[in-house]
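Working notes, structure below.
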Amino acid sequence: MTRVIEFLISLVIVAALFVVIALFLPSKRSFEYSVETNRPMSTVFDLFNGFNRFKDWNPLARRDPRMKTSIDGAPSGVGAKFNFDSNDRVIGKGNWEIIESIPGEMIKYRLTNNSRGSDKIMTLRFERTGQNNRNVKITQSYEVKYGWDLIGRYAGLYVTRNVGDDVRRGLDKFTNLLAQIPKFDYSQHTEGFAFEEEPARDVLLVTTASRRDSEEIAIAMNNQLSWIKKVMEANGLVADGPLRIVTNEFTGDSYGFDVVQPVRKADAPPNAVAGDPLDVKLESTVQYEQIPARRVATTTYVGPAPGLARMRDVLRAWALVHGTDTTGQPFEDYLGGVDTMLNEDARFKVYWPVKN
C-alpha cells in the first residue's frame, strides 16, 4: 500500500512539474528565414500571390505525392486557397489561404492543419536590396498561438526544427524555381497577357533562314511568301489570318524561321476550325500542315521587329510564373505584314504554346 501511495505522489509531482514548466513556456512561437534573389519583384511576388506553382516549391506537397490537392477561391491575391487532404496522419487535412496581399510588399497566409495551436499565420515580406535596388530580399515568417494549451506549449519547443526546416527548404527550392524563369520584368509591358485556346489551323509554310540583318530577313520572308501565294492561287486557297513567323533558331549570327500562312478554301467560312486535311498540290519547298488545336500564352507587341526577341522571353517569363510550362516554338502574327515590320508602330501578336 505504501508503494502505491508513493507512486501516486510521484505522478502528482510529475504532473505538477509538467503544469508549472508549461506555464513558464511561451504561449506563442515564431520563426523567420530570409533569402535574396536577382529576379524582378513582379516575378517573385506573383509566384507567391497564388498557388499555380505552389507544389513546385512548398515542401508540403513533396511529403506525400499521393496527397489530394485543389485550388479554389480567387485566382490570385486575397481569397486564393490551396486545399490538401492526405492519408498521412502527420499531414492530415487543411489549407493555405491568402488573407492579405500588398503588391511588392507583403503576402499573408492563414494556415489550417492538424498541428497544435491556433491563429497560424505565414507571412512573406519583400524588400528591394542590392545595387540600384535590383535584388529582392524575401523574408518568410511563421507565427502560432497556443494560449492555455499546455501540451501545445511543449510542441512549440519544436517549431524551429519542424516548421523552420520546412521554411528553409521551401525558400531554397523557390530560388531554384526562379532560376528557371527568364530574368525579364513583364510588369513593365502594358499590352497585357492571356492564355488562349488556339484552334486547329490549315497552313502553308516554308522553312528558311537568314543572316541576322533586318533587311535580309524581310527579303527572305517576302521571297518565301511569294511561293506560298503561288501555291494558294493554284489550289483555290485564300489567307485565313495574318502572316505568321515561327522562330526555330535564334543565334548571334543567324535567324532560322518558318514563314507560315493560315489558309482555307475560297468558299469556306473565315476562321473556321480546320476539318479534314486539304488536298493541296505543292511547289518548290512549300509544305502543307494541319496544326492541331493547342493552348498558348499570348500578348501584343508594338514596335520594330528586332524587339520581338526580347518580347518572346517576356511572354515566357509571364507564362512560367502563372502556372504553366512553355513547349514548342514561339511565333508571331505580323498584323501589318512584312512591309511594316521595321516601323515604330508595327503591330504583332506574340504567342508561345504552353502545356495543358
Side-chain angles (χ1 to χ4, degrees), residues 11 14-35 47-102 106-125 138-177 323:
L11 286 179
V14 170
L17 285 172
F18 174 87
V19 172
V20 171
I21 293 173
L23 290 174
F24 282 94
L25 290 174
S27 62
K28 59 183 179 180
R29 293 280 183 171
S30 63
F31 177 83
E32 184 175 288
Y33 181 66
S34 298
V35 295
L47 279 169
F48 283 122
N49 199 39
F51 296 102
N52 287 322
R53 303 303 298 256
F54 186 74
K55 292 193 286 186
D56 292 326
W57 65 269
N58 193 288
L60 173 67
R62 306 205 317 269
R63 286 184 182 176
D64 179 8
R66 294 172 294 181
M67 178 172 59
K68 297 178 182 178
T69 63
S70 64
I71 299 173
D72 60 31
S76 62
V78 175
K81 184 185 291 187
F82 178 86
N83 307 294
F84 61 90
D85 187 357
S86 173
N87 291 326
D88 186 329
R89 295 175 64 182
V90 176
I91 302 172
K93 182 178 181 180
N95 61 69
W96 285 48
E97 181 180 3
I98 297 177
I99 58 174
E100 191 173 350
S101 176
I102 303 174
M106 179 267 289
I107 298 171
K108 186 175 290 187
Y109 308 84
R110 178 170 52 231
L111 276 57
T112 302
N113 54 39
N114 63 357
S115 64
R116 303 197 78 93
S118 62
D119 297 331
K120 301 165 190 171
I121 300 295
M122 192 74 77
T123 304
L124 285 152
R125 299 187 183 278
I138 308 166
T139 300
Q140 184 172 353
S141 60
Y142 174 71
E143 298 176 357
V144 57
K145 296 178 181 178
Y146 299 109
W148 292 104
D149 179 359
L150 302 186
I151 297 177
R153 293 191 182 192
Y154 277 99
L157 293 169
Y158 303 96
V159 163
T160 299
R161 190 182 72 182
N162 296 335
V163 178
D165 286 351
D166 273 357
V167 169
R168 292 188 194 94
R169 282 193 292 265
L171 283 186
D172 291 342
K173 183 75 173 177
F174 185 81
T175 57
N176 293 334
L177 173 62

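Along the sequence shown, residues carry numbers from 1. Note that the coordinates shown come from a computational prediction; the quantities given were computed from them, not determined experimentally.
- Residues L111 and Y142 approach most closely at CD2-CE1, 4.1 Å, considering heavy atoms.
- Minimum interatomic distance between G323 and N52 (heavy atoms only, all atoms of both residues): CA-CB, 3.5 Å.
- Here the CG-CG distance, from L177 to N58, works out to 12.0 Å after rounding to the nearest 0.5 Å.
- A side-chain contact (heavy atoms from CB on, under 4.5 Å) with K108 is found for exactly one of I98, I102, T123, V78, namely T123.
- None of N95, I99, D119 except one satisfies the side-chain contact (heavy atoms from CB on, under 4.5 Å) rule with R110; the exception is I99.
- Residues R169 and P59 share a closest heavy-atom pair of CB-CG, 4.1 Å.
- The CZ atom of F51 sits 11.0 Å away from atom OG of S70, with the distance rounded to the nearest 0.5 Å.
- Residues F31 and Q140 form no side-chain contact, since every pair of their non-hydrogen atoms from C-beta on lies 4.5 Å or further apart.
- By the 4.5 Å heavy-atom criterion applied to side chains, T139 and E32 are counted as neighbours.
- When side chains are defined from C-beta on, L124 does not count as touching M106, because their heavy atoms never get closer than 4.5 Å.
- With 3.5 Å as the limit, one finds a donor-acceptor pair spanning the side chains of N113 and K120.
- Expressed to the nearest 0.5 Å, how far CG of D88 lies from CG of D64 amounts to 6.0 Å.
- Of the inter-residue distances, the one linking T69 atom OG1 with D85 atom CG reads 10.0 Å to the nearest 0.5 angstrom.
- Using a cutoff of 4.0 Å between basic side-chain nitrogens and carboxylate oxygens, R168 and D165 are scored as salt-bridged.
- Using a distance-only test at 3.5 Å, with no hydrogens or angles considered, no donor-acceptor pair links the side chain of N114 to the main chain of K93.
- Using the six-membered ring where Trp is involved, W57 and F174 have ring planes that are perpendicular, over 60° apart on the 30 and 60° scheme.
- For the residue pair S86 and M67, the shortest heavy atom distance occurs at CB-CG, 3.9 Å.
- You'll find the side chain of D166 stays beyond 4.5 Å of the side chain of L60, heavy atoms only.
- Inter-residue side-chain proximity for D56 and F54 is flagged as unmet; no heavy-atom pair is nearer than 4.5 Å.
- At a threshold of 4.5 Å between non-hydrogen side-chain atoms, the residues I121 and Y109 do not count as touching.
- For an aromatic pair to be called close, the ring centres must be under 6.0 Å apart, and F84 with W96 fails this.
- N83 is not listed as a side-chain neighbour of I71, based on a closest heavy-atom distance of 4.5 Å or more.
- Summarising the local packing, CZ of R62 is surrounded by more than 12 heavy atoms from other residues, nucleotides or ligands at distances under 6.0 Å.
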